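First the structure, in the form of structure tokens, and then the observations on it.
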2 protein chains.
Amino acid sequence: MPDSPLNVLFIMTDQMRADCLSVLKHPVVRTPNLDSLAEEGVLFRQAYVQAAVCGPSRMCFYTGRYPHATRSPWNEVPLPGDEVTMGHYFNRAGYRAALCGKTHYTPDPMTDPDAQPESGIEHDTLAGLEAWELNDGRGDGWLRYLQQQGYGADVLDNPFGVNQPPGADKDRSAYPTNVSREHSDTAFMTDRAIDFMKDAGSTPWFLHLSYFKPHLPIVAPYPYNEMYDPATSPEPNRIPEELENPHPFHIPYRTERKGIPYDEERVWRQRRATYYGLITEIDDHLGRIFRYMKAHGLWENTLIVFTSDHGEYVGDHWMNEKELFYDEAYNVPFIIRDPRVESDSTRGTICDRFVESVDVLPTFLDACGLGSSDPIQGCSLVPLLHGEVPGDWRTAVHADWDFRFYWSPKLLGVPPHKCRGWMVRDTRFKYWHFNGMPDVLFDLVADPKELHNVADRPEYAGVINEYRLELLDWRMSNEDVSRVSWTYERRPGFGKNPFEDPPNVPADH
Amino acid sequence: MPDSPLNVLFIMTDQMRADCLSVLKHPVVRTPNLDSLAEEGVLFRQAYVQAAVCGPSRMCFYTGRYPHATRSPWNEVPLPGDEVTMGHYFNRAGYRAALCGKTHYTPDPMTDPDAQPESGIEHDTLAGLEAWELNDGRGDGWLRYLQQQGYGADVLDNPFGVNQPPGADKDRSAYPTNVSREHSDTAFMTDRAIDFMKDAGSTPWFLHLSYFKPHLPIVAPYPYNEMYDPATSPEPNRIPEELENPHPFHIPYRTERKGIPYDEERVWRQRRATYYGLITEIDDHLGRIFRYMKAHGLWENTLIVFTSDHGEYVGDHWMNEKELFYDEAYNVPFIIRDPRVESDSTRGTICDRFVESVDVLPTFLDACGLGSSDPIQGCSLVPLLHGEVPGDWRTAVHADWDFRFYWSPKLLGVPPHKCRGWMVRDTRFKYWHFNGMPDVLFDLVADPKELHNVADRPEYAGVINEYRLELLDWRMSNEDVSRVSWTYERRPGFGKNPFEDPPNVPADH
């Protein structure tokens with residue numbers, strides 16, 4: 001174990017499903033570099049995000065706090081200026097803490113009247129991170145780079161345009177992007193991450209490398225667009241019953257989020273194939289980073305976490321995107337490689353303990369010896385890396401969703417304050433509770449693929465009461481304590497034991 | 001109705017029970033001036049606070065938001081700097097908005113590093129209010145005034161000391177305070193409130209007149225200490241069963257909050273009598289203010305709200321103070337006098353609709369034509385003043401309590417994150433749910449005095465499930481939306497209806 005502080009490389013993809021790793025025996029996609037990372041670290045198979053939309057999910061990763069505590073329940077809802085993020089923690093500890101890629105962070109106009117979202121704006125810092133290179137899909141740096149490489153205005157206007165011949169009858173995702181593989185956003189952000197490592201030199205660093213892909217649009221540069229044969233794409237996880245007797249929001253949501261095209265076999269086959277291609281593209285570039293780190297003495301003093309902000313249906317449950325609480329949206333790939341000897345006993349193992357995105361920040365702080373504090377609501381995963389399982393480890397994961405921002409509830413007549421859904425998932429059941437719509441319950445033992453909603457069946461009434469209580473107590477146990485911990489330290493006379501007074505002395509205050 | 005803007009006089013007592021009004025036929029206490037106010041306005045008999053501790057309760061009054069939203073769940077937990085209070089709303093509207101008395105407000109050290117609690121510190125503003133005169137029981141202005149009146153250091157050190165002869169065998173609350181009636185804190189704050197009205201002149205004003213009494217210590221100046229005969233004090237609302245088969249926290253709490261002295265009859269008789277005396281003292285001084293207002297043309301252009309931040313047991317349920325969720329702690333006196341003709345039809349009526357402390361701010365804003373906005377979670381009471389009952393008026397009240405700050409949970413082995421209690425009360429049941437302790441249920445139809453906890457009885461299992469669901473949905477429907485409303489207005493392209501697109505066009509974003 002080196003004496004120098006541990007660096008941290010926090011790699012995030014956008015909209016990558018948990019099952020898309022060849023180490024998990026996915027039937028199609030190949031991810032040899034991520035497989036190697038898993039073989040040298042721990043693969044957490046039951047890792048869940050707190051929200052399946054980019055912004056709120058990322059704010060939970062950054063703060064270690066649940067969406068009701070970050071108060072950023074959807075994209076473009078600002079993160080309050082008093083929230084403390086990874087960037088702040090590592091900066092305070094003397095690290096150089098930087099962002100290379102996407103955050104979907106929206107600064108707080110109440111504390112910064114000039115605050116603007118990240119897109120297209122020059123920033124020095126974002127969510128406490130040095131803005132080394134920004135890319136929300138159309139980042140200035142990447143577009144300038146494309147211009148330098150000789151791409152014209154048509155490509156700069158639409159860097160995800162594809163070379164689709166006139167009269168082509170395949171889905172658009174079959175054709176290669178006009179931007180070639182060596183200039184893709186994934187390639188460019190990888191170059192920039194390596195540049196950062198060079199620039200940081202011997203200063204301890206924290207780098208959040210955050211790829212925009214495999215997020216929509218599902219289009220890839222050659223050869224990734226044709227790397228996988230659509231004929232091999234696995235069938236979507238869906239049955240007609242889901243549309244014949246749907247939950248009220250299933251139909252409008254699949255329209256709003258453009259799931260209907262996936263009803264067509266040629267569409268889902270091709271989109272899935274290209275989606276896998278985009279993942280292998282990322283894997284190839286991660287290989288470049290890992291080789292650079294090994295060649296430059298960074299492999300053995302850098303903690304690496306690889307994950308995604310949420311998943312993607314690509315046709316499962318007749319859906320596109322990531323709305324609703326299915327596992328395809330909330331379960332994410334999650335690998336940690338801790339280079340230190342204390343974690344040797346778990347290398348190459350798969351851990352099925354429930355992990356939440358709020359655990360990432362406390363894990364970083366614990367691993368780097370920076371301590372942790374009360375407002376953080378997640379748990380350090382370091383004990384699991386050391387092969388220890390805390391006796392009180394969580395037995396369920398939770399999520400919440402504020403869907404007032406969509407049109408579907410307007411169509412359904414659900415008012416904004418009733419657009420709330422909370423989810424609990426353990427190994428037996430997944431329960432979705434809504435305050436303005438019917439419940440959803442899946443019996444995961446009988447129905448692990450979440451195809452049969454049994455919430456209306458009388459024999460499950462007791463289960464529903466049990467899980468409602470679970471949700472109630474989860475929220476009560478996770479009230480925001482951001483100001484409370486400060487109070488504990490500072491309150492005059494706090495900690496005086498009143499039971500030391502004789503109990504029968506008349507009191508006057 | 002005058003053309004000039006309506007002034008607002010927001011009068012709050014500290015720790016005054018809802019039943020202590022002679023207009024409600026209290027057997028002992030006389031409150032002729034409050035009775036008159038009620039005869040000219042509306043007395044809300046079912047008014048409840050969101051928290052029964054000074055600080056968090058007041059922050060709900062000031063912001064119109066529930067404790068989980070203000071994030072100030074206990075005394076000395078700072079109100080976050082981005083919370084918008086009555087003071088801010090009225091200042092923005094061009095009012096002179098001032099505080100005369102107590103707030104129990106703690107400023108936010110995250111936005112103001114020099115922030116200090118109000119006590120003993122000079123402030124220009126507190127919670128957005130001009131600090132006209134501060135008094136948390138030992139306010140600088142009052143103490144300086146006492147010094148000017150010739151009181152010595154012993155009184156200034158302990159302005160609530162009593163003239164108790166050696167060997168006296170009555171409870172301390174029987175004896176008069178060393179400070180005489182014309183110099184008491186209640187008298188002084190009343191003088192200062194009248195001074196403020198003079199000083200404001202023709203500027204529209206908002207005055208929060210906030211008395212420290214009848215808060216502990218229960219000691220009163222002559223003649224209020226002996227105004228009521230202890231022999232007439234009503235018996236405490238309590239039965240032996242409450243101690244024989246108690247909820248786990250009942251015993252430590254009554255020790256921690258010094259309820260045990262009230263087991264003695266001479267103690268509760270005397271304390272009750274003096275407590276009533278303190279209330280009549282306040283009533284006498286309110287009479288002075290009301291006469292001043294009538295004599296100076298302020299009576300017909302000032303909206304008056306009278307209430308308290310919470311109640312007090314004075315021996316009920318074998319308790320002192322205001323912990324636990326009994327009505328004696330959460331139900332408060334609540335009178336509104338709206339001088340305008342639109343409210344004439346309801347003058348002198350008693351309203352039994354459920355009112356919460358979060359309704360006060362939206363009522364002020366509505367009455368003064370200042371509008372209201374999303375982060376406010378309460379409802380304007382103006383329709384009720386006009387004799388209209390909105391069809392969706394609430395049918396229950398709620399409270400929440402964070403008791404990690406006490407010693408009792410430490411004795412009981414309840415960890416901080418399990419020190420949460422949420423309460424719902426309607427006309428049928430009161431249900432207290434804890435995430436770290438057993439539930440409490442009172443069947444209010446059979447047991448309106450909350451003496452028999454039936455939570456363990458099998459016949460109430462269905463009721464408990466029903467009220468757990470109610471609590472869950474209450475919290476889901478009241479998530480904090482402070483940043484969301486801002487987003488609605490500002491999000492680029494928000495409001496575009498996706499259903500206007502042809503649904504089968506392949507989508508890429």
Side-chain angles (χ1 to χ4, degrees), chain A residues 68 71-74 76-78 80-82 108-111 160 171-172 216-219 255-256 258 260-261 267 320 402 404-405 407 411 417-418 420 422 433 435 465 468-469 471-473 475-480 482-484 486-487 490-491 494 497-499 503-509, chain B residues 68 71-74 76-78 80-82 108-111 160 171-172 216-219 252 255-256 258 260-261 267 320 402 404-405 407 411 417-418 420 422 433 435 465 468-469 471-473 475-480 482-484 486-487 491 494 497-499 503-509:
Chain A
H68 76 276
R71 288 159 291 147
S72 179
W74 218 69
E76 280 79 68
V77 177
D82 51 22
D108 184 358
M110 293 193 190
T111 51
F160 297 113
D171 186 78
R172 182 166 165 270
L216 307 179
I218 301 180
V219 291
T255 303
E256 178 165 6
K258 303 187 176 173
I260 291 173
V267 172
N320 182 33
D402 185 337
R404 79 185 77 187
F405 305 92
W407 270 86
L411 284 187
H417 72 288
K418 294 286 188 186
R420 301 289 304 176
W422 291 358
H433 179 69
N435 61 338
N465 283 329
R468 282 178 180 164
L469 175 61
L471 282 177
L472 184 60
D473 287 354
R475 179 53 52 96
M476 292 177 85
S477 300
N478 287 288
E479 286 291 345
D480 181 17
S482 52
R483 296 298 190 294
V484 170
W486 176 88
T487 303
R490 202 170 142 138
R491 203 175 142 228
F494 186 76
N497 183 347
F499 295 93
N504 279 303
V505 173
D508 61 15
H509 196 71
Chain B
H68 76 276
R71 289 158 291 147
S72 179
W74 218 68
E76 280 78 67
V77 177
D82 51 23
D108 184 357
M110 294 194 191
T111 52
F160 298 113
D171 186 77
R172 181 165 165 271
L216 307 179
I218 301 180
V219 291
T255 303
E256 177 164 8
K258 304 187 176 174
I260 291 171
V267 172
N320 183 32
D402 185 338
R404 80 186 76 187
F405 306 91
W407 270 86
L411 284 187
H417 72 287
K418 294 284 189 187
R420 301 289 305 176
W422 291 359
H433 179 68
N435 62 337
N465 283 329
R468 282 177 179 165
L469 175 61
L471 282 178
L472 184 60
D473 287 354
R475 178 53 52 94
M476 291 178 85
S477 299
N478 288 288
E479 285 290 345
D480 181 17
S482 51
R483 296 299 191 291
V484 170
W486 175 88
T487 304
R491 202 174 143 227
F494 186 75
N497 183 347
F499 294 93
N504 278 304
V505 174
D508 62 15
H509 196 70

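Only heavy atoms go into these numbers, but all of them, side chains included; no hydrogens, no water, no symmetry mates. The structure presented is a predicted model; accordingly, all values stated were derived computationally and were not measured. First the proteins, then the strands, lettered A, B, ... as listed; each starts at 1.
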Worksheet item: Sequence neighbours excluded, which residues qualify as side-chain contact (heavy atoms from CB on, under 4.5 Å) partners of A:Asn465?
Response: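 A:Asn465 satisfies side-chain contact (heavy atoms from CB on, under 4.5 Å) with A:Arg468, B:Asn465 only.
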
Practice prompt. Name the option with the most non-hydrogen atom pairs under 4.5 Å to chain B; the candidates are A:Leu469, A:Asp402, A:Asp82, A:Asn478.
Written response: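 Among A:Leu469, A:Asp402, A:Asp82, A:Asn478, the one with the most close pairs to chain B is A:Leu469.
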
Worksheet item: Got a sec, which residues hit salt bridge (charged side-chain N to carboxylate O under 4.0 Å, His left out) with A:Asp480, two or more places apart in sequence or on another chain?
Response: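 Per chain and number, A:Asp480 pairs via salt bridge (charged side-chain N to carboxylate O under 4.0 Å, His left out) with A:Arg65.
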
Worksheet item: In terms of heavy-atom pairs under 4.5 Å, which option from B:Pro73, B:Ser477, B:Gly81 contacts chain A the most?
Response: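 The answer is B:Ser477.
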
Discussion item. For the CE atom of A:Met476 and the NE2 atom of B:His433, what is their distance to the nearest 0.5 Å?
Written reply: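 Spacing of CE (A:Met476) from NE2 (B:His433) equals 5.0 Å.
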
Practice prompt. Please round to the nearest 0.5 Å and tell me the distance separating atom CG of B:Leu471 and atom CG of A:Leu471.
Written response: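 Here the rounded value is 13.0 Å.
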
Practice prompt. State which residue, out of B:Arg420, B:Arg404, B:Arg71, fulfils the salt bridge (charged side-chain N to carboxylate O under 4.0 Å, His left out) condition with A:Glu479.
Written response: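 That would be B:Arg420; it is the only one of B:Arg420, B:Arg404, B:Arg71 passing the salt bridge (charged side-chain N to carboxylate O under 4.0 Å, His left out) with A:Glu479.
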
